[in-house]
Each structure stands twice: as structure tokens, then as C-alpha cells.
Participant: 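Before I ask anything, here is the structure I am working with.
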Amino acid sequence: MTTTLDTPARSAGTTGLLRGEWVKARSLRSTWYVLGGSLVGMVLLGLLFTSTADTGGPSGRGGGPPGVDFAQPLTLALAGYNLAQLALGVLGVLLVTGEYTSGTIRSTFAATPRRWPVVAAKAAVLGAVVLVTATVGSLVSYAVGSAVVDGMPGLGEDGVLRVVLGTALYLTAITLLGSALGWLLRSTAGAVATLFGLVFLLPVLGGLLPADWGPDVVRWLPSSAGGSLLRPTTTAEQFAPWTGFAVLLGYVAVGLVAAVWRLRTRDA
């Protein structure tokens, strides 16, 4: 009898949490600004890099974001992910720290005695929204790039669909990593700075390490490991695409578990 009554209650509670997180996310104008800006930015940057491919990069100087091979039309078309990952990561941070700033997190916790369902519901809603947005951005960027540059490989060619859809998966994982940092640090500035350091700064500093062991360290960093999913081919110094993505997901999982642990010791 108890089991029969508890199951619907749990189901309703889960549905209510998901609905509540969706309402909170969509009610913020910043959510739509960041999602729209990331989508448009991905497409426009992809257009910029593909349209200047013959000169080796913007302004003919061979410039561009790190990790972009100007000999690869596919990576050119999707180069906008470099900007999108920071914007979406910040969105992940803000959707958590914003509740601490406004104080609405207290009412959320008052309605939910256990803390892990709150973290899981926010991650599920955030991940779903970003995955859809990033998938659209990746596909449109690929389509625009195909129309602009010659030699774009077809989606049916080896590894191409994996790179296009993998870009969306990577961006979703980085967003959830930002969310985990928001739960852990509860400071917008601190979480954004930490995310920037993990994603952008540490790989650059890792390039200064000795060549005999430095690459082995760099490939374990979140963006380096997950970034292997975005490359048509990988080198011996890089993880295989899905192995690298699994490492990135490991960072996300550890971050979210640590967030739940901290919430159990000091929630608000």
C-alpha cells in the first residue's frame, strides 16, 4: 500500500521540479539572450572563417581561435564553438548563482527536503535546452559553411556527423560544468573565473610545459579531452574522440556530485 502511494508522489515531485526549473530558466531574459547570441555567434563566426579560408584566416594573417585548422573546412565552419562555450558556460553559472543572489534558492529548498533532485532537475533542464540550441547552431553552421567554402565533406563521410553533433554535446557538457561550479562556489565571479581558467587558460599554460610530459598533462584538461570529439582526426597525444568526451563527462559528474555533497552540509 505504501509503495503504491509513494510512487505517484515521487513522480509528481520529479515532474514538478522539472517544470519549476523550466519556468525559472525561461522567465529570465538573459537565458534567451545567451542562447540566441551563442547560436548567432556560432553561425557568423563560422561564416567569417570559411569565407576567408583562401587567405589562411581573417584578414589574411592566419589568425583565428585556438585549435582551428584552416586546412579543414569542417573545423572552420564550426569554429564559433570557441565563443559559444564561454557564453553557455557562463549561462550555466548564472542560472545557479542568480538564485543565491535573489534568495529564491531558499524557497526551492524549502519545497524540496532532499537536495540532489534540485541539482539533477536543473542540470536536466539546462542540458536539454542547450543541447537543442547547440545542435541547431552546429547544423546551421555546417550548412552555411558548405555553401561558402569548397571541399566541405558530406555528413555521410567518416567522422563528419560525429564532429557536427559532437560540437553540440561538447557545448552541453561545458554548460553543465559551469552549473556545477556555480553550485560549488556560489559566486558568479568566482565560478566564471574558474571556468575560464579550466577551459581557456590552463591549456595555454600547459603548452609551456616540457615536451616530454606536458602533452600527457594537457590532454586530461576538460576542454582538451572533450575537444578531441570535435576533430576529424586525432593524434597520438590526444584521446580518441569518445574517450576524451568521457573524460569531460567525468569532470561534470564529479562537479555535480561534489555540489550535492556541499548542499547537504550547507545549502544556502
Side-chain angles (χ1 to χ4, degrees), residues 34 38 65-67 78 81-97 115-131 133-135 138 162-163 165-207 209 213-231 234-235 237-265:
V34 173
S38 298
L78 298 172
Y81 88 89
N82 281 275
L83 176 63
Q85 66 179 328
L86 179 58
L88 293 172
V90 170
L91 175 63
V93 171
L94 288 176
L95 289 183
V96 174
T97 59
R115 300 305 183 235
W116 72 264
V118 177
V119 176
K122 188 177 290 291
V125 170
L126 179 62
V129 171
V130 171
L131 181 60
T133 303
T135 299
S138 298
R162 183 257 299 165
V163 171
L165 297 183
T167 300
L169 292 173
Y170 171 84
L171 291 174
T172 303
I174 292 295
T175 306
L176 293 178
L177 183 60
S179 177
L181 291 172
W183 284 115
L184 286 170
L185 300 179
R186 302 174 188 180
S187 162
T188 300
V192 170
T194 302
L195 181 69
F196 182 87
L198 285 172
V199 174
F200 292 101
L201 185 58
L202 286 184
V204 174
L205 295 178
L209 297 174
W213 55 271
D216 291 329
V217 174
V218 172
R219 71 172 182 163
W220 284 95
L221 297 176
S223 59
S224 300
S228 61
L229 188 62
L230 315 184
R231 300 180 178 91
T234 55
T235 66
E237 296 177 346
Q238 299 166 337
F239 283 115
W242 293 110
T243 302
F245 184 63
V247 172
L248 175 57
L249 290 181
Y251 278 97
V252 174
V254 169
L256 292 175
V257 169
V260 172
W261 175 81
R262 190 179 182 201
L263 285 173
R264 293 182 64 182
T265 58

Participant: Between Leu198 and Leu202, which heavy-atom pair has the shortest distance, and what is it?
Facilitator: CD2-CD1, 3.9 Å
Participant: Looking at Leu184 and Gly255, what are the two nearest heavy atoms and their distance?
Facilitator: CD1-O, 4.0 Å
Participant: Counting distance only, does the side-chain N/O of Arg186 pair as donor-acceptor with the main-chain N or O of Val96 below 3.5 Å?
Facilitator: no
Participant: Do Leu230 and Leu78 pass the side-chain contact (heavy atoms from CB on, under 4.5 Å) test, and can you show the C-alpha distance, the side-chain angles, and the key distance before you say yes or no?
Facilitator: CA-CA 9 Å; Leu230 315 184; Leu78 298 172; over 6 Å; no
Participant: Look up atom CZ in Arg162 and atom CZ in Phe245, then write down how far apart they are to the nearest 0.5 Å.
Facilitator: 12.0 Å
Participant: Under a 4.5 Å cut-off applied to non-hydrogen side-chain atoms, are Val34 and Leu88 in contact?
Facilitator: yes
Participant: Considering only heavy atoms from C-beta outward, does the side chain of Phe239 approach that of Thr234 to under 4.5 Å?
Facilitator: no
Participant: Indicate the atoms forming the closest heavy-atom contact of Gly92 with Leu126, along with that distance.
Facilitator: CA-CD2, 3.7 Å
Participant: Supply the atom-to-atom distance Leu94 CG to Ser179 OG, rounded to the nearest 0.5 angstrom.
Facilitator: 10.5 Å
Participant: Say whether, by atom type as modelled, one donor and one acceptor occur between the side chain of Ser228 and the main chain of Ala225 under 3.5 angstrom.
Facilitator: yes
Participant: Could you pull out the closest heavy-atom pair between Leu177 and Tyr251, with the gap in Å?
Facilitator: CD1-O, 4.2 Å
Participant: So Thr265 and Trp261, do their side chains get closer than 4.5 Å, heavy atoms only?
Facilitator: yes
Participant: Of Leu249, Leu248, Leu195, which is the lone residue that meets side chain to side chain contact (heavy atoms under 4.5 Å, CB included) with Pro222?
Facilitator: Leu248
Participant: Within the 4.5 Å heavy-atom criterion, are Ser138 and Leu165 side-chain neighbours or not?
Facilitator: no
Participant: Which heavy-atom pair separates Gly197 from Pro203 by the least distance, and what is that distance?
Facilitator: O-CD, 4.3 Å
Participant: In Å, rounded to the nearest 0.5 Å, how long is the span from CH2 of Trp116 to CG of Leu256?
Facilitator: 12.5 Å
Participant: OG1/Thr135 to CG/Leu169 distance, rounded to the nearest 0.5 angstrom?
Facilitator: 7.0 Å
Participant: Could you state the interatomic distance from CZ (Phe196) to CG (Leu181), rounded to the nearest 0.5 Å?
Facilitator: 14.0 Å
Participant: At what distance, to the nearest 0.5 angstrom, does CG of Leu176 lie from CG of Leu171?
Facilitator: 11.0 Å
Participant: Taking the side chain from Arg219 and the backbone from Ser224, do they hold a donor-acceptor pair closer than 3.5 Å?
Facilitator: no
Participant: List the steps and the verdict of side-chain contact (heavy atoms from CB on, under 4.5 Å) for Tyr170 and Gln85.
Facilitator: CA-CA 8 Å; Tyr170 171 84; Gln85 66 179 328; 2.6 Å; yes
